[in-house]
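Everything below concerns the one structure shown next.
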Amino acid sequence: MNMNKYLDIAPEVQEALAAGKPVVALESTIISHGMPYPQNVETALQVEAIIRENGAVPATIAVLGGRLKAGLSKEEIDYLGKTGTAVAKASRRDLPVLVAEGRDGATTVATTMIIANLAGIQVFATGGVGGVHRGAEVTMDVSADLEELAHTPVMVVCAGAKSILDLGLTLEYLETHGVPVIGYGTEELPAFYTRKSGFKVDYRIDDPALLAKTFYVKQDMGLGGGMLVANPIPEEFSMDADVINKAIDEAVAEAKTLGIHGKDTTPFLLAKIKDLTGGDSLASNIQLVFNNARLAAKTAAELSALAKG
Ligand code: PSU
Ligand code: MN
């Protein structure tokens with residue numbers, strides 16, 4: 001196996017890693033498929049700035065011209081944002097095809113974890129993770145993100161999961177695969193746009209240093225695999241639960257009627273929810289990503305300090 005020969009690490013990221021400085025990985029499907037242009041590009045650049053302000057180096061991840069990239073230029077981020085859903089959404093199964101054909105791909109949580117791990121990056125900030133979809137007992141639609149969390153040693157900081165998913169089944173899956181689900185400052189799994197979901201997380205941790213230590217110990221014990229940190233959206237940006245749940249129910253029903261399936265399901269639902277709720281959901285989405293970037297940068301700094309001993 002020689003996956004590193006397919007990997008390009010940006011010089012700034014490489015230098016930080018070599019010096020043991022904190023680095024935070026960022027995904028690119030959120031840019032191409034998760035938000036409209038130009039807010040997607042503005043948000044991606046702002047997230048990088050927030051990570052720097054909090055003492056870490058950002059590494060936005062994508063596949064460009066068949067190369068696995070850890071760290072993108074402004075121009076590359078702009079390209080992904082402008083091209084939008086015309087860029088292939090790249091999960092684990094898509095990587096060999098895109099690399100063999102020299103194509104571009106926007107990385108999901110799963111592929112961002114794979115490339116971050118290859119590069120030696122342990123902390124990753126995003127908005128929402130994929131999970132077990134509603135109706136999965138019939139469709140078997142379970143995101144490859146969950147399988148990656150089971151096996152790949154990267155900490156993913158998210159705002160919980162949207163209730164386009166079956167949150168209860170998603171938690172069951174993660175439990176089976178030994179993935180700790182940690183609420184940051186909460187006992188409850190946040191539901192992305194809202195701080196509450198009605199589901200409990202496994203553990204509550206209130207301190208980035210303890211998040212870092214937990215992840216460090218997991219790897220040090222040889223358990224491997226990922227860890228999911230669920231960071232609730234700040235109160236002032238959270239949405240009305242009834243409004244957002246109505247939009248989600250409508251989007252899920254329409255996807256079913258139209259027979260949307262496979263990799264199109266999540267992008268379809270995200271776009272539909274955004275249409276139904278106007279700019280409100282987008283504004284919340286942007287703020288929760290900023291909030292996760294801050295926590296990830298602080299946690300990455302704690303992890304670097306621990307690794308240095
Ligand atoms: N959920 C969101 N926003 C997103 C995604 C999911 O709230 O942008 C994206 C992420 O890139 C995630 C991917 O990894 O969708 C999951 O897609 P799928 O369900 O097809 O595995
Ligand atoms: Mn799926």
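Atoms within each ligand, like the ligands themselves, are counted from 1 in listed order. The model shown is predicted, which means the values in this text are computed figures rather than measured ones.
For Asp240 and Tyr193, the side-chain atoms include no donor-acceptor pair closer than 3.5 Å.
Protein N/O/S atoms found under 2.8 Å from the Mn ion (ligand 2): Asp141 OD1.
Each of the atoms 2 (C), 3 (N), 7 (O) of ligand 1 lies under 4.0 Å from some heavy atom of Lys162. Ligand 1 places these atoms under 4.0 Å from at least one heavy atom of Thr108: 11 (O), 14 (O). Close approach of ligand 1 to His133 (heavy-atom distance below 4.0 Å) involves ligand atoms 19 (O).
Nearest protein heavy-atom neighbour of atom 9 (C) of ligand 1: Thr29 CG2, 4.1 Å. Scanning the protein heavy atoms around atom 1 (N) of ligand 1, the nearest turns out to be Gly128 O, 3.7 Å. When hydrogens are left out, the protein atom nearest atom 19 (O) of ligand 1 is Thr266 OG1, 2.7 Å; that is the closest non-hydrogen contact. If you check which protein heavy atom lies closest to atom 4 (C) of ligand 1, you get Leu270 CD1, 3.5 Å.
By the criterion of a heavy-atom distance under 4.0 Å, neither the backbone nor the side chain of Thr126 is placed next to ligand 1. Under 4.0 angstrom from ligand 1, the non-hydrogen atoms of Asp145 all belong to its side chain.
Electrostatic pairing of Lys82 and Asp78 counts as a salt bridge here, judged by a charged N lying under 4.0 Å from a carboxylate O. A salt bridge does not link Lys272 with Glu250: none of the charged nitrogens is closer than 4.0 Å to a carboxylate oxygen.
When the options Ile30, Leu26, Val47, Thr107 are evaluated for a side chain to side chain contact (heavy atoms under 4.5 Å, CB included) with Thr60, the one that passes is Leu26.
Not a single heavy atom of Met35 sits under 4.0 Å from any atom of ligand 1. The closest approach between any non-hydrogen atom of His33 and ligand 1 is not below 4.0 Å.
In this structure, CG on Leu282 lies 11.0 Å from CG on Asp275, to the nearest 0.5 angstrom.
Glu27 has its side chain out of reach of Ile61: every pair of non-hydrogen atoms, C-beta onward, lies at least 4.5 Å apart.
For ligand 1, the polar-atom distance check finds an N/O of Glu27 within less than 3.5 Å of one of the ligand's N/O atoms. Among the atoms of Phe192, none of the N or O lies under 3.5 angstrom from an N or O of ligand 1.
Surrounding NZ of Lys21 are at most 12 heavy atoms belonging to other residues, nucleotides or ligands under 6.0 Å away.
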